[in-house]
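Data first, discussion second: the structure below is written as structure tokens.
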Amino acid sequence: MFQTTNDSLKITTTTTDNDHAVNNEIPILAFGASITAGYHSEGRKFHPYSIHLTELLNNSNNNIKVYEYGYSGETTGQMVERIKRCLQKQLTEEDKYGINNWEFPNNEFKVVIIIGGTNDLGKYQTSKETIVENLQNIYNYCKSKLNILYVIACSIPSTTFEHLERFENSYLKKKIFVNNFIENYCKENNEKMRFVDICNLLSYKDCDELERKMYWDDCLHFTPKGYDKIAEILYETSLRDLMSKLQNKY
């Protein structure tokens with residue numbers, strides 16, 4: 001506990017260790033749709049990957065928190081505008097309604113993790129060119145913010161559709177196109193951008209039946225164990241190595 005006194009006004013202010021920790025927190029924004037929100041059990045329950053990722057990042061007494069801003073059902077086109085409101089801390093009432101347990105950090109976000117595109121490919125059948133344009137706009141905006149040190153762009157995650165031959169031409173080829181763009185964009189903008197290939201590192205096609213039941217809740221969404229696995233992938237492939245850099249810069 002720390003105390004400071006202003007003798008002229010005779011006012012004593014007290015700062016606790018907890019206050020000091022909050023002020024030195026490194027906030028990370030988890031941004032996306034239902035997969036970021038941790039949707040499972042037909043939307044009756046949520047288990048976002050941000051929970052386990054925060055645990056992993058703090059296993060060495062670090063002061064890092066992942067804030068989950070997932071909005072179920074959202075397309076990349078809708079994300080283009082919402083990312084601005086999230087980073088500016090100017091959420092609308094609709095944003096607040098759609099995000100589970102939202103809260104603003106005291107400090108500015110330092111890292112953004114982006115997962116988007118599943119709804120575009122599925123329900124809305126957005127063209128691959130439009131998805132790419134939307135994602136590029138999101139990445140460019142995040143990259144332009146001085147407080148953002150790193151942007152982690154994830155591939156569109158694996159779904160059960162990839163296992164079905166009839167989706168090969170319409171769904172899978174479009175998905176491969178978009179995921180290749182994400183990877184190449186990160187390589188070309190590697191000062192701030194990092195690519196995490198969730199699609200191939202947690203691939204429905206490559207999993208056995210036991211793993212499929214363990215990690216997938218339905219054709220698109222994951223189980224709590226699946227979301228925890230995404231957290232582990234993010235940590236192992238990217239965020240663990242970035243932690244020392246984050247703490248040195250912040």
Side-chain angles (χ1 to χ4, degrees), residues 30-40 42-43 48-49 69-84 86 98 112-143 151-190 193-208 211-212 215-223 226-227 229-230 233-234 237-238:
F31 182 79
S34 56
I35 290 173
T36 298
Y39 178 110
H40 69 98
E42 298 181 333
Y49 70 77
Y69 282 21
Y71 196 114
S72 297
E74 200 170 51
T75 64
T76 54
Q78 294 166 313
M79 291 180 189
V80 170
E81 294 305 317
R82 187 166 68 88
I83 187 63
K84 300 172 185 176
C86 290
V112 183
I113 304 168
I114 300 167
I115 303 176
T118 298
N119 293 318
D120 296 84
L121 290 176
K123 180 179 178 181
Y124 296 97
Q125 296 186 13
T126 310
S127 72
K128 62 182 185 293
E129 291 82 9
T130 300
I131 300 172
V132 162
E133 181 181 359
N134 291 337
L135 289 173
Q136 185 168 352
N137 286 336
I138 295 168
Y139 301 155
N140 285 343
Y141 180 78
C142 293
K143 210 155 52 76
V151 181
I152 299 176
C154 302
S155 57
I156 302 174
S158 181
T159 68
T160 64
F161 295 140
E162 291 147 35
H163 188 58
L164 303 175
E165 207 171 290
R166 68 179 183 272
F167 286 103
E168 185 174 349
N169 288 325
S170 60
Y171 176 86
L172 189 54
K173 286 186 178 180
K174 188 188 293 186
K175 186 174 195 173
I176 292 171
F177 178 91
V178 175
N179 284 345
N180 285 341
F181 158 77
I182 298 171
E183 182 176 12
N184 290 330
Y185 181 93
C186 290
K187 287 178 179 177
E188 294 167 4
N189 298 271
N190 60 10
M193 300 295 303
R194 299 292 185 273
F195 176 64
V196 175
D197 194 0
I198 291 175
C199 185
N200 285 312
L201 293 172
L202 184 55
S203 169
Y204 186 86
K205 184 178 65 174
D206 295 339
C207 287
D208 59 31
E211 290 171 321
R212 290 173 179 177
Y215 294 136
W216 276 268
D217 182 64
D218 58 32
C219 60
L220 297 177
H221 303 98
F222 297 89
T223 62
Y227 290 116
K229 183 67 174 178
I230 289 174
I233 290 169
L234 286 163
T237 61
S238 184

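As the structure is a prediction and not an experimental result, all values here were calculated from the model.
Not counting sequence neighbours, the partners of Glu42 by the side chain to side chain donor-acceptor pair (under 3.5 Å) test are Arg44. Residues that satisfy the ring-ring contact (aromatic ring centres under 6.0 Å, His included) test with Tyr227, not counting sequence neighbours, are Phe222. Under the side-chain contact (heavy atoms from CB on, under 4.5 Å) criterion, Ala153 pairs with Tyr139, Ile182, Cys186, Met193, sequence neighbours left out. Remark: His40 engages no residue in a ring-ring contact (aromatic ring centres under 6.0 Å, His included) (not counting sequence neighbours). For Glu81, the side-chain contact (heavy atoms from CB on, under 4.5 Å) partners two or more places apart in sequence, or in a different chain, are Lys84, Arg85. Residues satisfying the side chain to side chain donor-acceptor pair (under 3.5 Å) test with Asn140, not counting sequence neighbours, are Tyr185. Partners of Ser34 under the side chain to side chain donor-acceptor pair (under 3.5 Å) rule, at least two apart in sequence or in another chain, are His221. With sequence neighbours left out, the side-chain contact (heavy atoms from CB on, under 4.5 Å) criterion links Glu211 to Cys207, Asp208, Tyr215. Judged as a side chain to side chain donor-acceptor pair (under 3.5 Å), and not counting sequence neighbours, the contacts of Thr75 are Gln78.
Looking at heavy atoms from C-beta onward, Pro157 lies out of side-chain contact with Cys199 at the 4.5 angstrom threshold. Counting heavy atoms from C-beta on, the side chains of Met79 and Phe31 come closer than 4.5 Å.
The nearest pair of heavy atoms linking Cys219 to Phe161 is SG-CZ, 3.9 Å. Looking at every heavy atom in both residues, Tyr39 comes nearest to Ser72 through CD1-OG, 4.0 Å. Of all the heavy atoms in Ala30 and Thr36, the pair that sits closest is O-CG2, 3.4 Å. Across all their heavy atoms, Ser155 and Ile198 have their closest contact at OG-N, 3.0 Å. Residues Gly98 and Tyr71 come closest through the heavy atom pair CA-CE1, 3.4 Å. What you find for Trp216 and Thr159 is that their closest heavy atoms are NE1-CA, 4.2 Å.
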Can you give each donor-acceptor pair under 3.5 Å made by side-chain atoms of residues 131-138, sequence neighbours left out, with the distance rounded to 0.1 Å?
unit_1	atom_1	unit_2	atom_2	d
Asn134	ND2	Thr76	OG1	3.0
Asn134	ND2	Thr130	O	3.3
Asn137	ND2	Glu133	O	3.3

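Atoms OG1 and CG, from Thr118 and Leu220 in turn, are 6.5 Å apart once rounded to the nearest 0.5 Å. Distance CG/Leu121 to CD1/Ile156: 4.5 Å, rounded to 0.5 Å. Considering CD of Gln125 and NZ of Lys174, their distance stands at 6.0 Å, rounded to 0.5 Å. Interatomic distance, Phe195 CZ to Asn190 CG, rounded to the nearest 0.5 Å: 14.0 Å.
A donor-acceptor pair shorter than 3.5 Å can be found between the side chains of Asp120 and Thr126.
A donor-acceptor pair under 3.5 Å is absent between the side-chain atoms of Thr223 and the main chain of Asp217, judged by distance alone.
Residue pairs meeting the salt bridge (charged side-chain N to carboxylate O under 4.0 Å, His left out) criterion with at least one partner in residues 69-80, sequence neighbours excluded, are Glu74-Arg82. Within the structure, no pair that satisfies the salt bridge (charged side-chain N to carboxylate O under 4.0 Å, His left out) test touches residues 193-204, not counting sequence neighbours.
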Practice task
Apply side-chain contact (heavy atoms from CB on, under 4.5 Å) to the pair Cys154 and Val196, showing each step before the final yes or no.
Solution key: CA-CA 5 Å; Cys154 302; Val196 175; 4.2 Å; yes
